[in-house]
Colleague: 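Structure below; questions to follow.
Residue numbers start from 1 in every chain, and the chains themselves are labelled A, B, ... in the order their sequence lines are given, proteins ahead of strands.
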There are 2 protein chains.
Amino acid sequence: MATIQDVAKRAGLSRTTVSRVINEHPYVTEEKKRLVTRAMQELNYVPNSSARRLRRQQTETIAVYVPRITNPFFSHLVEVMGKEAAKKGYQLILCQTRYKKEHERSFLELLKTKQVDGLILTSIENDWSKLEPYLSFGPIVVCNEYSDSAQVPSVYLNQIEGSYLGTKHLIDQGYTKIGYCTGNHKSSRVSKDRKIGFLKALSDAGIPMKEEWFFYNAYSVQDGFAAFKELKKLDDPPQAVFTGSDEVAAGIAKAAFDAGWRVPEDLAIIGFDNQPLAELMDLTTIEQPIDTIARQAMKLMVEAIQAKKPLKRKEVILPFQLIKRSST
Amino acid sequence: MATIQDVAKRAGLSRTTVSRVINEHPYVTEEKKRLVTRAMQELNYVPNSSARRLRRQQTETIAVYVPRITNPFFSHLVEVMGKEAAKKGYQLILCQTRYKKEHERSFLELLKTKQVDGLILTSIENDWSKLEPYLSFGPIVVCNEYSDSAQVPSVYLNQIEGSYLGTKHLIDQGYTKIGYCTGNHKSSRVSKDRKIGFLKALSDAGIPMKEEWFFYNAYSVQDGFAAFKELKKLDDPPQAVFTGSDEVAAGIAKAAFDAGWRVPEDLAIIGFDNQPLAELMDLTTIEQPIDTIARQAMKLMVEAIQAKKPLKRKEVILPFQLIKRSST
DNA sequence: CGAATTCATGAAATCGTTTTCATAATCAGA
DNA sequence: TCTGATTATGAAAACGATTTCATGAATTCG
């Protein structure tokens with residue numbers, strides 16, 4: 001492998017000048033520039049990024065935390081972030097926390113050991129107090145998930161409004177017995193807020209809720225199947241169900257259909273995210289502007305890295321949209 | 001940020017000894033080991049990975065190329081690879097080529113500039129001759145996609161067999177007018193082989209094909225909708241259709257259903273991949289052992305990196321499985 | 001014309017590790 | 001007790017870039 005020294009020798013110049021050409025510094029004559037460029041080509045030279053990283057103290061790499069990349073919501077988020085990052089000359093390191101505190105923490109070392117310039121968190125497993133100390137090693141941007149105590153920029157949606165919107169829609173359609181089927185992850189602010197919004201919509205309308213209409217730990221299509229199985233057994237089942245994702249909604253819809261129930265006559269269902277699957281299954285759902293979230297978060301991150309200023313708390317709150325289809 | 005020098009000073013020892021403790025070299029007394037460990041803790045020291053990379057000439061990072069991470073087939077692949085990589089102490093850099101030659105090429109620089117130890121390609125856009133030269137910079141493993149000329153390990157499935165299996169199934173069910181709806185990407189060996197297998201199954205059974213029953217450039221649910229629209233217009237439409245993905249199959253099934261067609265009576269449909277969506281829509285499909293592919297590819301990659309021997313051509317060919325559901 | 005800028009280049013320091021080499025101390029065997 | 005291996009440690013080189021500093025040439029300005 002050719003080094004900058006080899007190029008310098010071949011061009012009959014110093015390392016410094018070669019470096020200047022590479023980094024487009026001023027004060028290099030056209031003639032030397034040509035000499036250097038030619039030498040680089042002849043030697044098939046490329047700067048060694050480890051050396052550059054060490055000297056520059058930056059890596060041009062950003063870590064993105066997601067629970068699991070197979071979750072379409074997160075893969076969509078990552079797709080857009082990857083595109084944006086590439087545009088701005090950054091690489092993306094993918095960190096799957098798999099909903100585990102330990103995994104999340106283990107990836108934090110990336111920032112500490114200077115393997116990445118910053119962290120984008122799309123989910124938070126640990127208490128913020130556990131993450132906070134890492135801020136001294138580089139910027140962190142939170143996106144989708146959020147935390148009141150986090151003194152960093154966050155791009156998110158007001159999930160209270162989102163679930164309120166969806167629940168209100170069910171109420172407006174005339175349903176009064178409404179179930180709730182979500183992940184309900186303890187450490188997740190998103191989960192908590194969705195529940196708050198749901199309950200608020202009910203109480204605003206003076207509609208009662210029933211403990212047995214709550215189904216938790218539902219993330220996948222399979223979980224939707226299971227939830228319907230429970231629901232079906234009830235003496236007094238809900239007429240409609242609010243879910244935390246299109247997968248869960250689709251699972252319930254499919255299971256209901258297989259059991260001979262009609263949607264929405266026997267059971268109305270509302271999903272969340274507006275994934276391709278929701279269109280396929282004709283599910284009413286609540287759309288989150290994933291592209292915008294991703295782009296905003298990446299923009300904030302790059303700004304933070306380049307400004308090298310300490311990050312301040314800052315909230316970018318984006319709107320939801322209800323997509324009405326035939327399942328409600 | 002504390003450096004190894006600071007630790008050495010605090011412990012009253014040399015950099016060398018500290019380095020030995022960090023890297024668990026022999027010949028350090030327990031006493032000094034304690035001294036060093038304590039100093040590291042007190043200073044909250046972590047080795048700087050850029051420096052280590054530079055000196056060691058390796059990055060403990062692997063690049064994975066996928067067309068788009070939102071494609072569930074690829075996100076599943078990446079999920080498993082990420083898990084395996086983490087287990088073995090490697091990071092994953094995600095490279096989305098977006099089906100573009102230029103993007104694919106631009107990411108190749110990662111290997112050249114020593115930002116990653118190796119490349120796993122799950123799709124190939126450029127001719128192998130364009131990629132070949134990069135082998136001198138580090139190992140490349142091909143996975144899912146394959147190329148006859150590539151002198152590297154490949155983990156893949158014999159797509160001729162896969163599509164033959166699916167098509168044969170349609171024929172066995174009694175269908176004689178069979179359509180074909182896939183991506184048909186020119187540079188993709190997978191595409192080519194699927195078509196070969198499809199045609200072979202037809203010709204083995206003495207069944208004719210018709211040019212107007214071929215639909216190309218179909219990747220998404222939307223493309224499935226469009227394909228059905230075309231299909232519906234035909235005077236003599238096929239009775240069954242072989243597709244290249246569950247998304248496309250689902251799109252066709254949905255469009256058919258919306259148009260009042262019955263599946264499979266009016267149109268039988270077979271998908272590919274066995275994604276959750278296939279179960280939801282009750283689609284017969286062909287399952288690819290994604291977990292195994294991913295694990296095998298990652299295993300080969302790590303071996304290649306650690307052996308530091310030049311890679312040889314090697315083929316790992318895995319079996320398909322037909323999942324029969326109600327769409328055929 | 002002399003002084004002050006601006007332009008152009010290179011030598012050497014620097015980034016923070018790991019590795020090689022040298023050296024001293026300890027231990028085992030004859 | 002001497003020899004040779006083994007254990008334990010540190011000084012210095014190496015990894016390959018960028019950046020600082022110094023210096024000389026060319027240009028501008030009063």
Side-chain angles (χ1 to χ4, degrees), chain A residues 1-37 39-40 43-61 109-117 137-138 308, chain B residues 1-37 39-40 43-61 109-117 137-138 308:
Chain A
M1 276 275 36
T3 73
I4 198 172
Q5 182 69 282
D6 302 330
V7 175
K9 194 180 286 177
R10 178 143 198 147
L13 295 162
S14 72
R15 292 206 293 275
T16 314
T17 306
V18 177
S19 172
R20 287 210 178 93
V21 173
I22 296 170
N23 296 290
E24 297 177 322
H25 278 284
Y27 304 154
V28 184
T29 56
E30 280 306 319
E31 191 204 336
K32 316 260 156 154
K33 214 177 269 180
R34 266 199 309 280
L35 247 48
V36 169
T37 313
M40 292 202 297
L43 294 171
N44 199 14
Y45 167 82
V46 196
N48 176 306
S49 77
S50 300
R52 178 182 284 214
R53 282 174 177 223
L54 174 58
R55 181 61 235 223
R56 283 256 190 93
Q57 300 284 56
Q58 48 164 299
T59 65
E60 268 142 24
T61 306
E109 296 303 308
L110 290 176
L111 191 57
K112 211 168 169 188
T113 61
K114 293 270 188 308
Q115 293 198 53
V116 299
D117 290 339
F137 303 111
K308 284 182 177 163
Chain B
M1 274 274 36
T3 72
I4 199 172
Q5 182 69 281
D6 302 329
V7 175
K9 193 180 288 176
R10 178 143 199 147
L13 295 163
S14 72
R15 291 205 293 275
T16 315
T17 307
V18 176
S19 173
R20 285 209 178 94
V21 173
I22 296 171
N23 297 289
E24 297 178 323
H25 279 284
Y27 305 152
V28 184
T29 56
E30 280 307 317
E31 192 205 335
K32 315 260 157 161
K33 215 178 268 180
R34 266 199 307 278
L35 248 48
V36 169
T37 313
M40 292 202 295
L43 294 171
N44 200 12
Y45 166 82
V46 195
N48 175 306
S49 78
S50 300
R52 178 182 283 212
R53 282 174 177 223
L54 174 58
R55 183 60 235 225
R56 284 255 191 94
Q57 300 284 60
Q58 46 162 300
T59 65
E60 268 141 25
T61 305
E109 295 303 309
L110 290 176
L111 191 56
K112 211 170 170 186
T113 61
K114 292 272 187 306
Q115 293 200 53
V116 299
D117 290 339
F137 303 110
K308 283 183 178 160

Colleague: Can you name the closest pair of heavy atoms from A/Ile4 and A/Ile22 and give their distance?
Modeller: CD1-CD1, 4.1 Å
Colleague: Main chain of A/His25, side chain of A/Asn23: is a donor-acceptor contact present, judged purely on distance under 3.5 Å?
Modeller: no
Colleague: Please confirm whether the shortest side-chain N or O distance from A/Arg56 to OP1 or OP2 of D/dT19 is below 4.0 Å.
Modeller: yes
Colleague: Using whole Å, report how far CZ of B/Arg20 lies from C1' of C/dT20.
Modeller: 10 Å
Colleague: Among D/dT18, C/dT20, C/dG16, find the nucleotide with the atom closest to the side chain of B/Ala51.
Modeller: C/dG16
Colleague: Please report the distance, rounded to the nearest Å, between CZ in A/Arg53 and P in D/dC15.
Modeller: 20 Å
Colleague: Measure from CG on A/Asn23 to P on D/dT20 and round the result to the nearest Å.
Modeller: 13 Å
Colleague: Atom CD of A/Gln57 and atom C1' of D/dT18: how far apart are they, to the nearest Å?
Modeller: 11 Å
Colleague: Applying a 4.0 Å non-hydrogen cut-off, can you work out what A/Val46 is touching in the nucleic acid: base, sugar-phosphate, or nothing?
Modeller: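 Since only primed, P, OP1 and OP2 atoms lie under 4.0 Å of A/Val46, the category is sugar-phosphate.
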Colleague: Return the value, rounded to whole Å, for the distance between atom NZ of A/Lys32 and atom P of C/dC7.
Modeller: 17 Å
Colleague: For a quick test of reading the model, state the closest non-hydrogen atom pair linking B/Asn44 to A/Lys112 and the distance between them.
Modeller: OD1-NZ, 3.3 Å
Colleague: Establish, with yes or no, whether the OP1 or OP2 oxygen of D/dA14 is under 4.0 angstrom from a side-chain nitrogen or oxygen of B/Arg55.
Modeller: no
Colleague: Would you kindly compare B/Ser14 and A/Ser50 by the position of their nearest DNA chain D nucleotide and give the one closer to the 5′ end?
Modeller: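 Its nearest nucleotide being more 5', the pick is B/Ser14.
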Colleague: What's the CD-P distance between A/Gln5 and D/dA14, to the nearest Å?
Modeller: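 Between P of D/dA14 and CD of A/Gln5: 12 Å.
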Colleague: Looking at C/dT9, D/dT18, D/dT7, which one has an atom nearest to any side-chain atom of A/Leu13?
Modeller: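 When the side chain of A/Leu13 is considered, C/dT9 is the closest of C/dT9, D/dT18, D/dT7.
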Colleague: Side chain of B/Tyr45, heavy atoms from C-beta onward: which of D/dA8, C/dT17, D/dA17 has the nearest atom to it?
Modeller: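 Nearest nucleotide to the side chain: C/dT17.
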Colleague: Compare the minimum distances between each of C/dA11, D/dT18, D/dT7 and the side chain of B/Tyr27, then state the nucleotide with the smallest one.
Modeller: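 Taking heavy atoms from C-beta onward, the closest nucleotide is D/dT7.
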Colleague: Please compare B/Val28 and A/Asn48 by the position of their nearest nucleotide in DNA chain D and report the one closer to 5'.
Modeller: B/Val28
Colleague: Tell me whether the side-chain N/O atoms of B/Thr17 come closer than 4.0 Å to OP1 or OP2 in D/dG10.
Modeller: yes
Colleague: Using a cut-off of less than 4.0 Å, is there contact between a side-chain N or O of B/Ser19 and OP1 or OP2 of C/dT18?
Modeller: yes
Colleague: Please lay out, stage by stage, how B/Val28 and B/Thr17 fare under the test side-chain contact (heavy atoms from CB on, under 4.5 Å).
Modeller: CA-CA 7 Å; B/Val28 184; B/Thr17 307; 4.2 Å; yes
Colleague: Could you state the atom-to-atom distance from CG of A/Leu54 to C1' of D/dA14 in whole Å?
Modeller: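 Nearest whole value for this atom pair: 12 Å.
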Colleague: Does this structure show an ion pair linking A/Glu30 with A/Lys33, if we count only N-O contacts that are shorter than 4.0 Å?
Modeller: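 Looking at A/Glu30 and A/Lys33, the cut-off is met.
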Colleague: Apply side-chain contact (heavy atoms from CB on, under 4.5 Å) to the pair B/Thr113 and B/Phe137, showing each step before the final yes or no.
Modeller: CA-CA 9 Å; B/Thr113 61; B/Phe137 303 110; over 6 Å; no
Colleague: Check whether any side-chain nitrogen or oxygen of B/Thr3 sits under 4.0 Å from OP1 or OP2 of C/dG16, and answer yes or no.
Modeller: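 No, because none of the side-chain N or O atoms of B/Thr3 sits under 4.0 Å from OP1 or OP2 of C/dG16.
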Colleague: Has the side chain of B/Thr16 got a donor or acceptor atom sitting under 3.5 Å from an opposite partner on the base of D/dA11?
Modeller: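 Pair found.
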Colleague: To the nearest angstrom, how far is B/Gln115 atom CD from D/dC15 atom P?
Modeller: 20 Å
